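Heavy-atom basis, side chains included; hydrogens, waters and symmetry copies ignored. Note that this is a predicted model, so its numbers are computed, not measured. Naming: A, B, ... by sequence-line order, numbering from 1 per chain.
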There are 2 protein chains.
Amino acid sequence: MDAQKLHISLNQISLITDEAWEEFEQLLEPVSLDRNDHLIRVGERTHFCYLLTEGVIRVYYSKEGNEYNKTFFVPGMFPTALTSLLTESPCQLSFQALLPCQLIKFSYHRFRNLFASHRCLETFLLRVLEGEWVKKEKHDIQMVTNDAITNYMIFREAYPGLENKIPQHHIASYLGITPIHLSRIRAQLTKKP
Amino acid sequence: MDAQKLHISLNQISLITDEAWEEFEQLLEPVSLDRNDHLIRVGERTHFCYLLTEGVIRVYYSKEGNEYNKTFFVPGMFPTALTSLLTESPCQLSFQALLPCQLIKFSYHRFRNLFASHRCLETFLLRVLEGEWVKKEKHDIQMVTNDAITNYMIFREAYPGLENKIPQHHIASYLGITPIHLSRIRAQLTKKP
DNA sequence: CATATGCATTAACATAGGTTAAGGAATGAA
DNA sequence: TTCATTCCTTAACCTATGTTAATGCATATG
């Protein structure tokens, strides 16, 4: 993606002035990931924000050998370890490419340093966080109030085509069930759809 | 709580200049709630932000007659329907006092209108949201990776004394289990502590 | 090519937690 | 005081989902 298109697309979220963009643009670097590569591993410190432009990334936490998928990132989203950046502490989450990925990364601290001279960037961050908050709340309500079958069907609508591109056990983990149980659900759905 | 103390206490979160405070202070109004009163009900529109100074409030979603407690607010927290304010749509959540409560409320739109002349207030909002994000993520990880017994014990540490002041079924709902099962857990814990 | 590895499915079995129901303490209203 | 209501607990039962294990495919590797 070229810089001008990116500016236009980010302006949809919140206005970034040309002057701010000129400086912000200097911070941007492309990143590529192969399938199964990790962007960030649990326990690492991170200093970058990322924007996904191609591919799919999962974020998960792990405990006692089990992994719990929290979200999938698709292009246009920010697979960024925000909590680690804010608290300046090791990341509790891991970010892994499930497909080959293209990203744009930039230094969190340099970005933040631009706030002093470009207020619009601070406003931009606030808008992004607000959007994430709304999305997260909606998702939480959905996950708690529905059963696994319903959430599976919602997943298929929210991420069209994704279920055929990534292992099913990642979907099961996202739904909070075992792969075996997801398999039972799928069998049930094909019998009487 | 008098205004000066409040200013000092909010300054702990992020600096609010005296000029900004002078204007912001004009927006503040006290609110009292009796036990079981609702601050906001599902389906309502809301136009205010709230700061809790005394008491406990639960936020919950309901579906098909069931209620799911999402969080408890204790003094110092902001029991505010942020998603409803941001999306300008009816609230998906309900906020209810579990104990007699004292709050301070202020108009969300008037607050936001102050951003133009007082940048520090926008920065303040960003800080609050960042803090909420960190807290929520930590809580989510905890709830998913632990079982109900562990989460019950964490609840008791996080909200000291609260379990004796509110009905147990609210705690059970918060933990994602039935009151009957919570009762079993409690019996189990008293047998061998 | 042969073998190994990862993944989905299915079946048999085990169990945590839900459901229903009943009884008793505590609280509040008449 | 008595009666009603709310809430906690316990027991008996039941169901959804996890666990273990075996099978078969597909893909990757030597």
Side-chain angles (χ1 to χ4, degrees), chain A residues 34-38 56 58 60 62-69 72 94 96-100 143-153 155-156 159 161-193, chain B residues 34-38 56 58 60 62-69 72 96-100 143-156 159 161-193:
Chain A
D34 290 333
R35 199 165 84 90
N36 295 330
D37 277 358
H38 273 79
V56 172
R58 72 170 175 132
Y60 65 97
S62 28
K63 178 163 182 180
E64 291 155 14
N66 300 314
E67 297 183 351
Y68 305 83
N69 283 346
F72 300 110
S94 299
Q96 183 187 31
L98 296 180
L99 301 175
M143 293 301 274
V144 172
T145 55
N146 296 317
D147 59 19
I149 302 174
T150 312
N151 283 328
Y152 173 55
M153 294 192 299
F155 162 82
R156 293 200 297 188
Y159 302 96
L162 186 54
E163 68 170 334
N164 301 316
K165 290 181 199 152
I166 66 177
Q168 306 249 350
H169 65 259
H170 285 321
I171 302 170
S173 168
Y174 171 74
L175 296 172
I177 59 178
T178 57
I180 289 111
H181 193 59
L182 176 57
S183 194
R184 286 195 280 240
I185 286 175
R186 286 159 57 84
Q188 192 183 329
L189 284 176
T190 38
K191 240 172 274 167
K192 39 161 200 175
Chain B
D34 290 333
R35 200 164 83 91
N36 296 331
D37 278 358
H38 274 81
V56 172
R58 71 170 176 132
Y60 64 97
S62 28
K63 178 161 183 181
E64 290 154 13
N66 300 313
E67 296 182 353
Y68 305 84
N69 284 345
F72 301 110
Q96 183 187 30
L98 296 180
L99 301 175
M143 292 300 275
V144 172
T145 54
N146 296 317
D147 58 19
I149 303 174
T150 311
N151 283 328
Y152 174 55
M153 294 192 298
I154 293 174
F155 162 82
R156 293 200 297 189
Y159 302 97
L162 185 54
E163 68 170 332
N164 300 315
K165 290 182 199 151
I166 66 176
Q168 307 248 347
H169 64 259
H170 285 321
I171 301 170
S173 168
Y174 171 75
L175 296 172
I177 58 178
T178 57
I180 289 114
H181 192 59
L182 176 57
S183 193
R184 287 195 278 241
I185 287 175
R186 287 158 56 83
Q188 192 183 330
L189 284 176
T190 37
K191 241 173 274 169
K192 40 161 200 176

Once you build an axis from the first five pairs and another from the last five of the helix from C:dC1-D:dG30 to C:dA30-D:dT1, how far apart in angle are they, to 10 degrees? 40°

With a 4.5 Å cut-off on side-chain heavy atoms, are A:Ile166 and A:Phe72 touching? yes

Side chain proximity check, B:Tyr60 to B:His170, heavy atoms < 4.5 angstrom: no

Side-chain contact, heavy-atom cut-off 4.5 Å: B:Lys63 with A:Asn146? yes

A:Arg58 and A:Tyr174 side chains, donor-acceptor separation under 3.5 Å: no

Where do N or O atoms of nucleotides 9-16 of chain D meet protein N or O atoms at under 3.5 Å, pair by pair?
from  : atom 1 : to       : atom 2 : distance (Å)
D:dT9 : OP1    : B:Arg186 : NE     : 3.3
D:dT9 : OP1    : B:Arg186 : NH2    : 3.2
D:dT9 : OP2    : B:Ser183 : OG     : 3.1
D:dT9 : OP2    : B:Arg186 : NE     : 3.3
D:dT9 : O5'    : B:Ser183 : OG     : 3.1

Contact under 4.0 Å: B:Thr178 side-chain N or O vs C:dG18 OP1/OP2: yes

For the atom pair CG (A:Asn151) and CD1 (A:Ile171), what is the distance rounded to the nearest 0.5 Å? 13.0 Å

Short question: side chain of A:Glu67, backbone of A:Ser62 - any donor-acceptor pair under 3.5 Å? no

Side chains of A:Thr190 and A:Arg186: closer than 4.5 Å at any heavy-atom pair? no

Are the side chains of B:His169 and B:Pro167 in touch, meaning some heavy atoms are under 4.5 Å apart? yes

Output the rounded distance in Å from CG (B:Asn66) to P (C:dG18). 12 Å

